[in-house]
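Take a look at the structure below.
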Protein chains: 2
Amino acid sequence: MTVYTIKDVSKMFQLPASTLRYYEDMAILTNVRRTAAGQRIYEEKHIHRLRTICCLKRTGLSISKLQMFFTYEEQETEHIDDILDLLIEQQQHIEKQLIQFQKDLEHVKRKLHYYSDIKTALTAKKMHPIWSDYREKQF
Amino acid sequence: MTVYTIKDVSKMFQLPASTLRYYEDMAILTNVRRTAAGQRIYEEKHIHRLRTICCLKRTGLSISKLQMFFTYEEQETEHIDDILDLLIEQQQHIEKQLIQFQKDLEHVKRKLHYYSDIKTALTAKKMHPIWSDYREKQF
DNA sequence: TATTGACTTCAAGTATACTTGAAGTGATAT
DNA sequence: ATATCACTTCAAGTATACTTGAAGTCAATA
């Protein structure tokens, strides 16, 4: 059975050790065992939990919602519908964000083309482009 | 020439009026004219600026980076490379996030299938599913 | 004309998610 | 053996992005 120190986990997830302790304080990372001297021992289940924490946090779930989610998970039978509701909502939220991000990427690409044409115009002394010509373009 | 009140703009972008004033304080929304009584008058250029602000903020740019960006834009000729660098970085950042969000969506979908199978198992008194069977699946 | 509502400024307050610092214990390297 | 490093707790501090409250001005409606 593989175990990890706080440093191992910190490196693995690119999270400061203080954040791992904070997640434990916030009760979203639970049942972390200790050595005789009090040092944290992380197991595979904590690695999996952290993957879920990072996934949900990245996509916009707050710490307090994470607390709810993991509380529900501990009482799966009673809270199965709460779990499903939360996951469905999160799924829809991610799908919306994906669509929005694609639009935002297009917006940035348009700006990039516009300014890159401005750079060309500046060096080659060509006509300065006009933003309205880029506003509707797909790149 | 169409103009807008703070309320119009607030509704248009689903942003509280206080946020629009804050963006002006932070100098990322500039040159807002006033009525004789001091009320803000927004023009098309502010609407375009706000679209860019929302796009860049949503995709992770901070207020201070937005300040830099719009400062560069005001001195396009001198800062053309700074503008391009910032936009290229933001483009790459969005692309990375898109890939990560797709993975995160898969993670949530896996969880959703898992818990929805648990719900079935609970009501139909079937075998309780095991998470490790879902961990690698694509939905 | 009075009052209601919408706007204004400016300073201070809030929410979220950590981060830091002090003080202490135990383990490791020279 | 001793110094240094890694970890510990707990309270307080920080960063970011707003939000709120008080006090005042102006415009419109009953």
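Just so it is clear, the model here is predicted, and its values are computed rather than measured. Order of the sequence lines fixes the chain letters, A, B, ..., with proteins taken first and strands second; residue numbering starts at 1 for each chain.
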What is the separation between atom [atom1] on [X] and atom [atom2] on [N], rounded to the nearest whole Å?
X: A:Lys65; N: C:dA15; atom1: NZ; atom2: P; value: 17 Å
X: A:Leu66; N: C:dC18; atom1: CG; atom2: P; value: 10 Å
X: B:Ile41; N: C:dC7; atom1: CD1; atom2: P; value: 13 Å
X: A:Ile28; N: C:dA17; atom1: CD1; atom2: C1'; value: 10 Å
X: B:Ile6; N: D:dT19; atom1: CD1; atom2: P; value: 13 Å
X: A:Tyr42; N: D:dA6; atom1: OH; atom2: C1'; value: 14 Å
X: B:Leu20; N: D:dT20; atom1: CG; atom2: P; value: 14 Å
X: A:Asp25; N: D:dC10; atom1: CG; atom2: P; value: 9 Å

>> Is a donor from one side chain sitting under 3.5 angstrom from an acceptor on the other, for B:Thr59 and B:Gln97?
In response: no
> Quick one: is D:dT16 close enough that its OP1 or OP2 comes under 4.0 Å of any side-chain N or O from B:Ser64?
Replying inline: no
> Between B:Thr19 and D:dA17, does any side-chain N or O lie under 4.0 Å from OP1 or OP2?
Replying inline: no
> Any chance NZ of A:Lys109 has more than 12 other-residue heavy atoms, nucleotides or ligands included, within less than 6.0 Å?
Replying inline: yes
> Using the ring of each side chain (for Trp, its six-membered ring), is A:His113 parallel, tilted or perpendicular to A:Phe139, with breaks at 30° and 60°?
Replying inline: parallel
>> Parallel, tilted or perpendicular: which one describes the rings of A:Phe101 and B:Phe101, with boundaries at 30° and 60°?
In response: parallel
Between [options], which nucleotide has the shortest distance from any of its atoms to the side chain of [X]?
X: A:Ser18; options: D:dT19, C:dT19, C:dG26; answer: C:dT19
X: A:Lys57; options: D:dC26, C:dC18, C:dG26; answer: C:dC18
X: A:Arg21; options: C:dC18, D:dC26, D:dT8; answer: D:dT8
X: B:Lys7; options: C:dC18, C:dG26, C:dC7; answer: C:dC7
X: A:Gln39; options: C:dG26, D:dC18, D:dC7; answer: D:dC7
X: B:Tyr23; options: C:dC7, D:dA27, D:dC18; answer: D:dC18
X: B:Ser62; options: D:dC7, D:dA17, C:dA27; answer: D:dA17
X: B:Tyr22; options: D:dA17, C:dC18, C:dA27; answer: D:dA17

> Less than 4.0 Å between a side-chain N and a carboxylate O, is that true for A:Glu106 and A:Lys137?
Replying inline: no
> Judged by atom type as modelled, is there a donor-acceptor pair below 3.5 Å linking the side chain of A:Arg58 to the main-chain atoms of A:Ile53?
Replying inline: no
>> Classify B:Arg40 by what it touches in the nucleic acid, base, sugar-phosphate, or nothing, heavy-atom distance under 4.0 Å.
In response: sugar-phosphate
> Base, sugar-phosphate, or nothing: which does A:Thr35 touch, judged by heavy atoms less than 4.0 Å apart?
Replying inline: nothing
> For A:Leu61 and B:Arg34, take the nucleotide of DNA chain C holding the closest heavy atom to each; which residue's nucleotide lies nearer the 5' end?
Replying inline: B:Arg34
